[in-house]
Amino acid sequence: MAALRFAMLGIGAILSLLPFYYMVIGALQKERDTSFLGLLPLPGNLTLSNLIGVNESLNLLQALTSSLIMTAGVLGCTLVFGLLVGYALSVLQFRGQGIVFALVLLVQAIPFQLLMVPLYVMVVRYFGLADTYVGMILPFAVNSVAVLIFRQYFLQIPRDVFDAARIDGASELRILRSIAVPLVRPAILTAMLVTFIGPWNEFLWPFLVTKDASMQPLAVALANFSQANSTFQDNPMGAVLAGACVLAIPAVVLFLLFQRHFTSANLGSAIKG
C-alpha cells in the first residue's frame with residue numbers, strides 16, 4: 001500500500017509539473033516543436049534568443065521594477081492592516097465585533113470584478129490616481145484572506161499571555177509588536193506568500209489604471225507584447241513563454257525558499273508550567 005501511495009503521489013507531482021516544464025522548454029526552443037518529442041528537445045534547438053527578443057521589445061527591468069513596487073506596497077499594507085484587524089478580531093472585545101468579522105467573510109464572497117467599476121471611478125476620477133503606484137496598490141491594501149489567517153493564529157495564543165502583559169502595563173500596540181507578532185511568524189510568512197501571488201500576477205486592474213508604458217507591471221507589459229510584438233520574433237510562442245517564465249520564476253523561488261516555514265509554531269510553549 002505504501003508503494004502504491006508513493007506511486008500515485010509521484011504521478012500526480014509529475015502531471016502538476018508538466019505544464020511548468022513545457023513552459024520552460026518552449027521558452028528555450030529556437031524553432032517551435034509541438035510534437036511529443038518536443039518535450040525532449042535536441043541541444044541544437046535550445047537558445048536564449050527568445051528571452052533576448054522579449055527584452056529588446058520591452059524593458060524587462062522597468063516592468064519588473066513596477067511589479068516589485070506594486071507587490072511590495074500591497075505586502076506592506078497587507079501585513080500592517082492584516083495584523084491590526086486580525087488582532088482586534090481575535091484578542092480585543094468591542095461592540096460590533098461580530099459584524100466586522102461577518103463583513104470580512106462577506107468580502108470573500110464578492111468577486112473583485114463586481115467592484116471594479118466603482119473602484120475605477122473612485123480611484124481614477126475622484127482621486128486622480130491613474131498612472132500611479134498608489135492607484136494600483138489601493139484596491140488591494142486590505143486583504144481579507146490575510147486577516148483571517150492572522151485571526152486564526154492569534155486565537156491559538158493562550159489568553160494568559162495577553163493578560164500578563166496587560167498587568168505589567170503594556171499597551172495593546174506593545175503587546176501586538178513585542179508578544180503577538182513574534183509568536184505568529186509562520187502566519188506572517190504564509191500571508192506574505194499568499195498575498196504575493198495576487199499582485200505579482202495581477203493584470204486587469206493595472207491594465208485599467210495605467211496607460212503609461214513605463215508604469216505598467218510585468219503582467220501587463222507581457223500581455224501587450226504578446227498581442228503586438230511577439231509576431232516579429234523568430235519563434236513567437238517561444239517569446240511569449242519566455243516572458244511567462246520571467247513572470248513565474250520569482251513566485252516559484254519564494255515558495256521553494258520558504259516552504260519549510262509553513263509549519264505552525266508551538267504557541268503553547270509561551271507559557272511554562
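Keep in mind the model is a prediction, meaning the values are calculated, not measured.
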Throw together a table of side-chain donor-acceptor distances under 3.5 angstrom for residues 112-125, partners on residues two or more places apart or in other chains.
none

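Contacts of Phe20 classified as ring-ring contact (aromatic ring centres under 6.0 Å, His included), with partners at least two apart in sequence or in another chain: none.
A 4.5 Å side-chain heavy-atom check between Val145 and Thr78 finds every atom pair outside the cut-off. When side chains are defined from C-beta on, Phe207 does not count as touching Glu202, because their heavy atoms never get closer than 4.5 Å. Annotation: side chain of Phe94 is in contact with side chain of Val100 (closest heavy-atom distance under 4.5 Å). In this structure, Thr195 and Trp200 have side chains that are not in contact, with every pair of non-hydrogen atoms separated by 4.5 Å or more. Side-chain contact between Leu89 and Leu148 is absent, with no heavy atoms from C-beta onward closer than 4.5 Å. Side-chain contact between Ile157 and Val91: absent, with no pair of heavy atoms (C-beta onward) separated by less than 4.5 Å. Contact check for Ser66 versus Tyr133: side-chain heavy atoms found under the 4.5 Å cut-off. Counting heavy atoms from C-beta outward, Val246 and Leu64 have side chains that approach closer than 4.5 Å.
Cluster membership check: Leu155 does not share its hydrophobic cluster with Ile175, using side-chain heavy-atom separations under 4.5 Å among Ile, Leu, Val, Met, Phe, Trp and Tyr. In this structure, Tyr153 is a member of the same hydrophobic cluster as Leu105, with clusters built from ILVMFWY side-chain heavy atoms closer than 4.5 Å. By the rule that hydrophobic residues join a cluster once side-chain heavy atoms approach within less than 4.5 Å of another member, Leu68 and Leu61 end up as members of separate clusters. Both Phe162 and Val85 are assigned to one and the same hydrophobic cluster, defined by single-linkage of ILVMFWY side chains at heavy-atom distances under 4.5 Å. Hydrophobic clustering, with ILVMFWY side chains joined whenever heavy atoms are under 4.5 angstrom apart, groups Met192 together with Tyr87.
Here the closest heavy-atom approach between residue Ile137 and residue Met70 is recorded as CG1-O, 3.8 Å. Of all the heavy atoms in Val74 and Phe140, the pair that sits closest is CG1-O, 3.6 Å. Between Ser67 and Ala219, the shortest heavy-atom contact is OG-N, 4.5 Å. In terms of heavy atoms, Ser90 sits closest to Phe154 at OG-CB, 3.0 Å. Shown here for Gln62 and Ala213, the closest heavy-atom pair between the two residues is OE1-O, 4.3 Å. Scanning both residues, Phe150 and Ala191, for their nearest heavy atoms gives CZ-CB, 3.7 Å.
Note that CE of Met215 and OG1 of Thr132 are 6.0 Å apart. Values are rounded to the nearest 0.5 Å. Distance check: Leu218 CG to Gln216 CD gives 11.0 Å after rounding to the nearest 0.5 Å. The CG atom of Asp168 sits 11.0 Å away from atom CG of Asp163, with the distance rounded to the nearest 0.5 Å. A distance of 12.0 Å separates CD1 of Ile188 from CG of Leu75, quoted to the nearest 0.5 Å. How far CG of Leu9 is from CG of Leu4: 9.5 Å, rounded to the nearest 0.5 Å. Once rounded to the nearest 0.5 Å, the distance linking CG of Asn143 with SG of Cys77 reads 11.0 Å.
At most 12 non-hydrogen atoms from other residues, nucleotides or ligands lie less than 6.0 angstrom from CZ of Phe6. Within a 6.0 Å radius of CZ in Arg174, other residues, nucleotides and ligands contribute 12 heavy atoms or fewer.
Residues Phe81 make up the rest of the hydrophobic cluster containing Val142, defined by ILVMFWY side-chain heavy atoms closer than 4.5 Å, directly or through other members.
Judged by distance alone, the side chain of Asp212 and the main-chain N or O of Asp131 form no donor-acceptor pair under 3.5 Å.
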Report the C-alpha distance between Leu173 and Leu84 in whole Å, list the side-chain angles of each, state the deciding distance to 0.1 Å, and finish with yes or no for side-chain contact (heavy atoms from CB on, under 4.5 Å).
CA-CA 9 Å; Leu173 286 178; Leu84 291 174; 4.1 Å; yes

Could you go through Leu193 and Leu189, starting from their C-alpha distance and side-chain angles, then the distance that decides it, and tell me whether this counts as side-chain contact (heavy atoms from CB on, under 4.5 Å)?
CA-CA 6 Å; Leu193 284 180; Leu189 291 173; 5.8 Å; no

Dump the intermediate steps for side-chain contact (heavy atoms from CB on, under 4.5 Å) on Leu28 and Leu241, then the final yes or no.
CA-CA 9 Å; Leu28 296 176; Leu241 292 176; over 6 Å; no

